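Because the structure is predicted, anything quoted here is derived from the model rather than measured.
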Amino acid sequence: MPELPEVETVVRTLAPVVRGRTIVEARFLSPLAAGGRPEELAEALRGRRIVEVRRRGKFIVFELDHGVMTVHLRMTGKLLTTAAESAYARAVFQLDDGEVVFDDVRQFGRVEWAEALPENVARLGPEPLSVSLAEFSAGLKARPRAVKPLLLDQSFVAGLGNIYVDECLHRAGIHPLARASRIGRKKVEALHASMREVLGEAIAAGGSSISDYADAQGRAGWFQRFHRVYGREGEACMHCGGAIQRIVVGQRGTHFCPRCQKR
DNA sequence: ATCTATTCCTGGCTGC
DNA sequence: TGCAGCCAGGAATAGA
């Protein structure tokens, strides 16, 4: 499931190929990918030039010569520059030089277009790689809710998903159900630092490929080899040797070490 | 403000 | 071997 490091990797591998190219035609093989309005979307995108491609949270933002196209990969989405790598093509962007295929097994992903940056992107919280300790700390202090659901809330910080929240909390030694406002200064600093470390390392590894994730060339990432808690229920904690536990928090599978991450 | 439950979707897994 | 049933989960949404 693409989170910040995976989306960042897609953007880095995609941008050099599509920057400056023109969308000759956008074809939606599944209307779901276009949010149920494939004709309208295809019309809006026809003839548009891609000025720049960037990431905001988990969104891929295509700045066009008129308007903005946003793509959210959700669970199983991919943006591929080689059709040969696509098994579940939902949309094809024919460029003046080359093509981009939006591939998505489970069809949760969406392509959208708007005149300006859409509200769902505009209201995202700060980027975890650039938010200051002061702002992050103040944000936590103001919320009495459990820290894991808070970190998953894209209006609080944008880009973390289930895997990386678990990994960050483990590295910082914070229980996923800890009340955000009651986390001590040292642990808050550790969490702030762990976001940079974990996300930075994951980007360097090309992301985590748990099931479907691939970059724009169809290549898998390898950060899953370095996961310390996610998907390791019952296995030994790399820090203390205790058994990694799995619980459900906010309907999400949550992995942590009960010895390193006390309540 | 925070919480839970529900919806979307389908390949892959479990268990019989 | 076959098949029903369940699971994974990001985000939007409704209701408590």
Would you classify [X] as touching base, sugar-phosphate or nothing, given that sugar-phosphate means primed atoms plus P, OP1 and OP2, and contacts are heavy atoms under 4.0 Å?
| X | result |
| --- | --- |
| A:F156 | nothing |
| A:P149 | nothing |
| A:I210 | nothing |
| A:M1 | sugar-phosphate |
| A:R145 | sugar-phosphate |

Pair A:R54 + A:E63: basic N to acidic O under 4.0 Å: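 Counted as a salt bridge, because a side-chain N and a carboxylate O are separated by less than 4.0 Å.
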Decide, yes or no, whether a salt bridge links A:D153 with A:R145 under the criterion of side-chain N to carboxylate O below 4.0 Å.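 Yes.
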Output yes when a side-chain donor or acceptor of A:Q261 lies under 3.5 Å from a complementary backbone atom of A:I174, and no otherwise.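 Here the side-chain-to-backbone pair exists.
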Counting only heavy atoms from other residues, nucleotides and ligands, does the tally under 6.0 Å from CZ of A:R182 exceed 12?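 No, because the 6.0 Å sphere around CZ of A:R182 holds 12 heavy atoms or fewer from other groups.
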Residue A:R37 excluded, over 12 heavy atoms near CZ under 6.0 Å: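 Open: at most 12 neighbouring heavy atoms sit under 6.0 Å from CZ of A:R37.
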Closest approach to the side chain of [X], judged atom by atom: which nucleotide of [options] is it?
| X | options | result |
| --- | --- | --- |
| A:R252 | C:dA12, C:dG9, B:dT6 | C:dG9 |
| A:R74 | C:dG10, B:dA1, B:dC9 | C:dG10 |
| A:Q107 | C:dG9, B:dC9, B:dT2 | B:dC9 |
| A:L32 | B:dC9, B:dA5, C:dA11 | B:dC9 |

Please evaluate residues A:R219 and A:E85 with respect to the criterion salt bridge (charged side-chain N to carboxylate O under 4.0 Å, His left out), reporting the C-alpha separation (whole Å), side-chain torsions for both, the decisive distance (0.1 Å), and the verdict. CA-CA 9 Å; A:R219 295 173 301 212; A:E85 296 292 332; over 6 Å; no
Once hydrogens and angles are ignored, does a donor-acceptor distance under 3.5 Å link the base of C:dA8 to the side chain of A:R106?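 Indeed there is one.
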N/O donor-acceptor pair, side chain A:Q154 with base C:dA11, under 3.5 angstrom: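 For A:Q154, whose side chain was compared with the base of C:dA11, there is no donor-acceptor pair (under 3.5 Å).
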Would you indicate, yes or no, if [N] has its OP1 or OP2 atom less than 4.0 angstrom from a side-chain nitrogen or oxygen of [X]?
| X | N | answer |
| --- | --- | --- |
| A:H72 | C:dA11 | yes |
| A:Y230 | C:dG9 | yes |
| A:Q251 | B:dA5 | yes |
| A:R90 | B:dC9 | no |

Taking DNA chain B as the partner, which of residues 108-121 of chain A come within under 4.0 angstrom of it by heavy atom?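 When residues 108-121 of chain A is checked for heavy atoms under 4.0 Å from DNA chain B, the hits, listed by number, are A:F108.
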CG of A:L151 versus P of C:dG10: gap in Å, rounded?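 One finds 13 Å between P of C:dG10 and CG of A:L151, rounded.
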Integer-rounded Å distance: C:dA11 P and A:L150 CG: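 Going from A:L150 (CG) to C:dA11 (P), I get 14 Å.
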Would you kindly say whether A:K78 and A:S86 are connected by a side-chain donor-acceptor distance under 3.5 Å?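 The criterion, which ignores hydrogens and geometry beyond distance, is not satisfied for A:S86 and A:K78.
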